[in-house]
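Heads up: the structure comes next, in structure tokens.
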Amino acid sequence: MRISADLPTGVAALLFGAARERREMEARLVRELEGSGYAEVILPVLDYAEPYDTLLTAASRGELYRFVDRDGQLLVLRSDFTPMLARLLAPRLASLDLPLRLFYRGDVVRYQEERAGRLREFYQLGAELLCRDGEDPGAADHEALRLFLRLLLQGTSGPVEVVLSFAGALDELLLGAAGDTGLGGPARLATAVARRERGVARQASEALFEVVDAGVPKDPAALGPTAAARLAGLAALRDDVAAEFPEVRLTIDLAEFAHQALHPELLEAVGERAYYDGIVFHAHAGPAGVAVGGGGRYDRLFRGLGAPVSAVGFSLGLDRLLAPGAARVTAQVAEIPEIAEVAT
Amino acid sequence: VIRLALPKGRNLGPVLAALAAAGLVSEGLGEAELGRRLRTTLPEAGIEALSLKDWDLPLYVEHGIADCGFVGSDVLGEVDGELLVPLRLHAGRSRLSLIGKGPDLPAPGSQVRLATKYPATARRVVAERPWGAEIVRLSGSVELAPVLDLAEIALDIVQTGRTLAENHLVELEEVSEVAACMVVNRASFQRHRDLLNRWIGRLEAAGVAS
């Protein structure tokens with residue numbers, strides 16, 4: 001009987017040289033994390049489904065692989081490390097010394113429509129920094145962003161862009177202008193802004209058009225006093241970090257994160273990973289500008305779990321870092337057999 | 001050099017005309033010339049043009065193989081991905097409509113078969129209607145389905161309505177306007193923002209897109 005080597009949609013087997021390449025990259029990144037004082041946590045692949053009813057948005061829950069265990073428990077396969085880590089740490093934080101510097105690595109599984117380049121199982125490596133509530137969040141943001149960039153530069157070559165914003169940056173503009181567009185609500189307007197639909201943005205407001213065009217409004221006051229102050233803080237952080245990493249292009253672009261909202265009316269429409277409530281960032285790397293990872297501040301995730309701490313973190317997709325178009329030019333891997341990767 | 005994905009088929013003419021009106025390519029750049037080649041370098045414009053089928057084009061842009069391109073909003077409704085969609089061209093617009101033998105849409109509560117090349121869009125359309133439909137996915141000649149009773153209705157592009165009239169079909173309801181849209185890769189936008197915004201500005205200034 002002939003046994004097929006076929007695999008389910010969205011998963012890949014790394015064989016021989018490809019496996020070695022990923023492990024080598026992983027080892028490099030782990031050395032950097034450990035050298036920066038971050039300690040590893042190992043989290044399970046299986047978890048109860050029930051906690052994620054409130055921790056995740058509808059879009060994120062839609063990505064979950066759920067099943068009923070033999071004892072009748074509804075379980076999920078791990079789809080995101082951060083909420084799982086928050087859920088496990090929140091009850092224990094009172095007895096732990098802060099700050100906590102943690103990192104994790106492993107597979108996450110998310111259902112995605114079948115499309116070229118979209119995996120359903122991918123390997124992530126990430127870090128989280130938890131500090132006492134009220135401690136300078138700017139310092140923690142700075143530390144997390146610098147670590148993210150150091151890891152990114154360990155993992156890629158060629159051009160690297162990191163786009164920065166903060167959750168809720170456009171809330172006031174979106175809520176104020178949505179009625180003028182005929183789109184049917186601020187959430188739809190946020191989608192149009194995230195897609196940089198200039199016609200819609202122009203119709204909504206001049207400031208939103210400027211955000212779509214240039215990433216920030218000409219007059220930050222248009223964002224409202226709170227968001228304007230946060231934008232100034234983000235610009236200072238960007239300038240500081242950019243001076244240290246001249247090889248990385250750091251850009252503030254509020255349109256890119258138009259969906260990362262704070263206002264409840266907009267929050268409903270947030271897609272995946274809606275727990276961010278402060279700085280948010282993501283990176284593109286390599287000649288093809290592959291999206292390789294991102295992160296942000298997520299204090300509200302812990303607050304919702306009854307543990308008021310300051311939390312910021314990020315993750316990198318190792319499959320993405322090694323993807324064609326993003327891959328670092330590494331030392332030649334010897335003796336790579338003909339079949340390096342089997343993917344469906 | 002910016003890699004520009006150009007669509008084969010009905011949108012190519014309006015796209016080339018818009019690019020020429022904005023001064024981004026020469027007037028002489030013809031459909032026939034582009035259609036024959038897979039890649040065309042336009043050194044004076046700093047453009048490498050790729051000729052791609054509509055349904056493949058968003059994938060090339062999403063994956064960063066092309067920095068930007070033009071594709072119909074009908075296709076985007078099916079395979080949108082993580083693309084930026086800054087502009088819609090004015091020329092060459094058509095409409096996505098429900099068509100059938102008529103005279104009316106299915107009665108509330110009824111269940112019909114709906115033939116289309118656009119199953120995802122069809123599902124969204126049906127979800128908002130008082131009638132249900134089994135979606136029959138076809139890859140071409142969709143108008144034939146209601147003519148030959150493969151399906152009661154169809155969701156398809158209508159340009160002039162002549163094909164419908166010739167086949168004794170009627171446009172039951174316009175679902176959306178279809179336009180050729182400029183699509184841009186997210187990373188490319190960050191990398192070439194100034195240049196791409198200049199292109200976009202010239203297309204807007206020429207009055208061919210908004």
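A note on names: the letters A, B, ... follow the listed sequences, proteins ahead of strands, and every chain is numbered from 1. Just so it is clear, the structure is predicted and the values come from calculations on it, not from any experiment.
Heavy atoms closer than 4.5 Å to chain B are found in the backbone of Ala285(A), but not in its side chain. No part of Arg88(B) comes within reach of chain A, as not one of its non-hydrogen atoms sits under 4.5 angstrom from that chain. With a 4.5 angstrom heavy-atom cutoff, Val290(A) does not touch chain B via any of its atoms. Both the backbone and the side chain of Leu59(B) come within less than 4.5 Å of a heavy atom of chain A.
Side chains of Glu171(B) and Ser97(B): a donor-acceptor N/O pair is present below 3.5 angstrom, by distance only.
Listed options Arg186(B), Arg191(B), His63(B) were ranked by heavy-atom pairs under 4.5 angstrom with chain A; first place goes to Arg191(B). Heavy-atom pairs under 4.5 Å with chain A were tallied for Ala209(B), Gly201(B), Gly64(B), Cys181(B); the largest tally goes to Gly64(B). Counting heavy-atom pairs closer than 4.5 Å to chain B, the top-ranked of the candidates Ala214(A), Ala283(A), Ala255(A), Ala291(A) is Ala214(A).
Residues Trp199(B) and Phe189(B) keep their aromatic ring centres 6.0 Å or farther apart.
Of all heavy-atom pairs spanning Ala243(A) and Pro246(A), the tightest one is O-CD, 3.9 Å. The two residues Leu87(B) and Arg198(A) make their nearest non-hydrogen contact at CD2-CD, 4.1 Å.
A donor-acceptor pair under 3.5 Å is absent between the side-chain atoms of Asp54(B) and the main chain of Pro7(B), judged by distance alone.
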* To do: Please test Arg193(B) against Asp253(A) for side-chain contact (heavy atoms from CB on, under 4.5 Å), starting from the C-alpha separation and ending with a verdict.
  => CA-CA 11 Å; Arg193(B) 182 194 294 262; Asp253(A) 193 325; 2.5 Å; yes
